[in-house]
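Below: the structure, in structure tokens.
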Amino acid sequence: MKQLTYLTNYNMTRKLCIFFLLICCMTNNACTDRAATDQPKKIAIIVSTLNNPWFVVLAETAAKKAAELGYEAKVFDSQNNTALEADHFENAITSGFDAILFNPTDADGSITNISKAKTADVPVFCMDREVNSTTVATSQILSDSYSGCIAMGKYFVKQLNKKGKYVEILGLVGDNNTWARSKGFHSVVDDFPELKMVAQHSADFDRNKAMEVMESVLQANPDIDGVFCGNDAMAMGAYQALVAAGKSDHVQVFGFDGADDVLQSVKAGKIKATGMQYPKIMAETAALYAQEYFNGKRDFPQKVPVAVELVTSANIKNYLSE
Amino acid sequence: MRMLKYIIAVAALLFVGYHSVYFGKLSEVRKGESGNNTDMEAYTRDFWDNKLPSSIEKAIDINELVALVKVEPEKAFAEHAHALGIGNLQYFMVKGEGQITAISDNNVELLIKGEDGSLKLRIETELVYGNSVRDASGLLNMNAFKNTSEFNEVSAGLNKIIRKEVLPPFKQKAKKGDVVRFTGAVELNSRFLKLDDLEVTPVQLQIVK
């Protein structure tokens with residue numbers, strides 16, 4: 001009997017211990033959860049490359065805006081590598097980031113990464129570059145490159161007086177912006193049969209590669225009249241090659257981006273025109289969209305175009321003061 | 001018997017092989033994959049014939065617009081401009097009447113008289129490209145289209161109609177001194193306003209005298 005009482009007491013003690021342990025665990029969890037809600041929400045900013053000043057502005061503005069809105073922001077550099085980009089997404093999802101502001105590396109290759117975030121209920125807001133899907137990203141805030149390059153094409157036709165030989169230097173072939181710009185430009189220029197494109201090469205949006213491409217093209221085509229480049233870095237590279245070849249006075253160079261050095265070159269008459277993009281507006285809008293998402297909004301427009309403005313010697317003064 | 005087995009095996013192999021692959025133009029396959037199977041030419045024609053007139057009816061007189069922009073730019077943009085996304089470029093559907101002062105390869109210059117003096121503008125007659133007309137109409141939503149390229153085809157189609165149907169009869173007859181009545185789209189930069197260099201992409205052009 002005594003043994004039985006002892007056993008019952010032992011069982012009671014064990015049950016009480018388990019009960020208290022459970023209470024402790026629940027309390028601990030509750031404390032942890034409360035701590036989590038006290039923590040600011042975290043936003044990951046995953047950018048295709050930080051090796052280009054334009055994308056540095058995009059990333060820094062997004063981080064600054066996110067911080068202003070009270071969130072913790074961290075920037076990841078994909079180095080134009082979709083595999084590295086995939087690692088950043090895995091990292092962001094497992095580390096508990098609440099939203100991703102994203103500048104994709106590849107219009108097709110980046111879709112899988114966004115899908116993973118979507119599966120984990122992490123909203124993704126694309127900035128500047130789009131992906132070839134309208135169902136994975138929460139919203140895509142994009143430069144209207146196509147329309148910007150239509151304006152560029154019209155100006156190009158007028159400047160070359162509807163005739164002459166020209167070269168096109170393309171950006172990354174896997175980026176939709178490369179083709180949106182090229183198609184916008186050609187939608188105008190191709191209607192003028194006396195404007196002949198003698199070469200079209202990619203230089204990956206890179207200044208040095210564009211210089212090498214231009215040097216090579218000039219050997220086979222020394223009599224060109226114009227060069228259309230898919231971004232400003234390449235325009236500067238092409239111009240450098242033309243200066244070295246002694247042809248910069250005759251050949252007209254056209255860029256795209258609105259980079260500071262090219263704006264100065266437009267003012268100096270070295271570069272004919274550029275398309276002014278607004279990376280700050282895109283980055284800030286993406287951060288604001290993330291805030292709206294946290295506040296419960298879900299019906300975002302899939303694509304939001306941001307107007308690109310043609311900058312020439314006629315209106316350069318407006319943009320130099322910015 | 002063995003021969004029959006071989007024949008059946010080869011026939012089965014050929015049957016399976018034939019139905020496993022097919023040949024077609026890569027461009028057509030890609031077109032199919034992108035889901036771009038809307039007849040955009042027919043869509044644009046329908047838009048031009050049946051939807052755009054409602055926007056033309058609401059066009060603001062160019063003198064009225066310029067006067068309003070000078071005094072209350074925010075009101076002018078809020079009430080009369082259209083834009084698809086974010087940014088400074090906005091589009092207006094405008095109408096007016098003016099006298100031709102110069103004709104060049106790319107445009108016709110008009111002098112428009114108003115209560116507050118005269119106004120000079122250019123009617124684009126050669127390089128009719130871009131989204132001015134589509135966006136000034138205020139009738140289309142980009143997200144209602146499958147993709148951006150399809151949406152851009154609307155602009156390309158409208159511009160083509162203008163270049164092929166609106167401009168040739170006008171260019172054939174127009175001469176310096178003629179009075180022209182027009183309706184068309186104007187782009188204005190809300191941040192860097194410039195009212196002395198207006199360019200109209202025409203939708204309707206009529207020489208009245």
Side-chain angles (χ1 to χ4, degrees), chain A residues 130 132-134 139-158 161-162 176-177 179-180 183-192 276-278 281-282 284-286 288 299-311 314-319 321-322, chain B residues 30 33-36 81-91 104-107 122 124-136 140-160 162-164 187-194 196-197 199 201:
Chain A
E130 70 178 327
N132 290 329
S133 168
T134 52
S139 186
Q140 305 188 56
I141 303 131
L142 313 164
S143 255
D144 194 353
S145 292
Y146 182 86
S147 304
C149 281
I150 288 177
M152 183 65 72
K154 284 174 70 172
Y155 189 69
F156 184 91
V157 170
K158 283 180 186 171
N161 213 8
K162 300 174 192 167
N176 275 13
N177 274 339
W179 298 111
K183 283 178 184 173
F185 176 78
H186 283 286
S187 73
V188 181
V189 176
D190 290 0
D191 279 352
F192 296 87
M276 174 57 76
Q277 297 195 86
Y278 288 95
I281 289 177
M282 284 186 275
E284 287 174 356
T285 306
L288 286 167
D299 57 333
F300 292 91
Q302 178 54 219
K303 289 184 184 175
V304 181
V306 178
V308 175
E309 296 164 26
L310 181 71
V311 182
N315 63 359
I316 184 67
K317 65 178 191 310
N318 292 336
Y319 301 93
S321 56
E322 287 204 314
Chain B
R30 282 184 174 160
E33 279 173 355
S34 69
N36 191 2
H82 294 287
L84 290 165
I86 305 167
N88 303 323
L89 301 183
Q90 303 210 31
Y91 301 90
S104 71
D105 286 348
N106 295 330
N107 53 55
R122 285 173 282 121
E124 183 61 71
T125 55
E126 177 77 7
L127 293 160
V128 174
Y129 295 91
N131 301 324
S132 300
V133 173
R134 182 196 69 189
D135 295 354
L140 295 173
N141 173 11
M142 180 186 188
N143 289 294
F145 288 78
K146 281 181 203 151
N147 51 50
T148 317
S149 121
E150 196 173 77
F151 188 52
N152 289 330
E153 278 184 52
V154 179
S155 282
L158 293 173
N159 293 334
K160 198 172 168 186
I162 294 166
R163 290 198 301 268
K164 301 252 176 193
E187 176 189 285
L188 279 182
N189 187 318
S190 58
R191 192 165 175 211
F192 305 120
L193 274 171
K194 192 163 168 55
D196 58 354
D197 189 35
E199 183 180 279
T201 303

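Chain A is the first sequence line, chain B the second, and so forth, proteins listed ahead of strands; every chain is numbered from 1. Fair warning: this is a prediction, and the values are worked out from it, not measured in the lab.
Side-chain contact check for B:Tyr129 versus A:Asp191: some heavy-atom pair is nearer than 4.5 Å.
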Point to revise | Worked check of side-chain contact (heavy atoms from CB on, under 4.5 Å) between A:Lys162 and B:Asp105 | key: CA-CA 11 Å; A:Lys162 300 174 192 167; B:Asp105 286 348; 3.8 Å; yes
Review point. Can you check side-chain contact (heavy atoms from CB on, under 4.5 Å) on A:Tyr278 and B:Asn88, steps first, answer last?
Key: CA-CA 10 Å; A:Tyr278 288 95; B:Asn88 303 323; 3.5 Å; yes
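For chain B, the nearby parts of A:Val188 are the backbone and the side chain; heavy atoms of each come within less than 4.5 Å. Only the backbone of A:Ser187 comes within less than 4.5 Å of a heavy atom of chain B; no side-chain atom from C-beta onward does.
For the pair A:Ala307 and B:Gly87, the tightest heavy-atom approach, listed with the atom from each and the gap, is CB-CA, 4.3 Å.
One finds the NZ atom of A:Lys158 at 10.0 Å from the CD atom of B:Glu126 (value rounded to the nearest 0.5 Å). For the atom pair CG of B:Leu89 and CG of A:Asp144, the computed distance is 9.0 Å after rounding to the nearest 0.5 Å. Residue B:Phe192 holds its CZ atom at 8.0 Å from CE of A:Met276, rounded to the nearest 0.5 Å. For the atom pair CG of A:Leu310 and CG of B:Asn189, the computed distance is 11.0 Å after rounding to the nearest 0.5 Å. Note: A:Tyr155 OH to B:Leu127 CG = 13.0 Å, rounded to the nearest 0.5 Å. Atom-to-atom distance recorded for B:Ile86:CD1 and A:Thr285:OG1 is 3.5 Å, nearest 0.5 angstrom.
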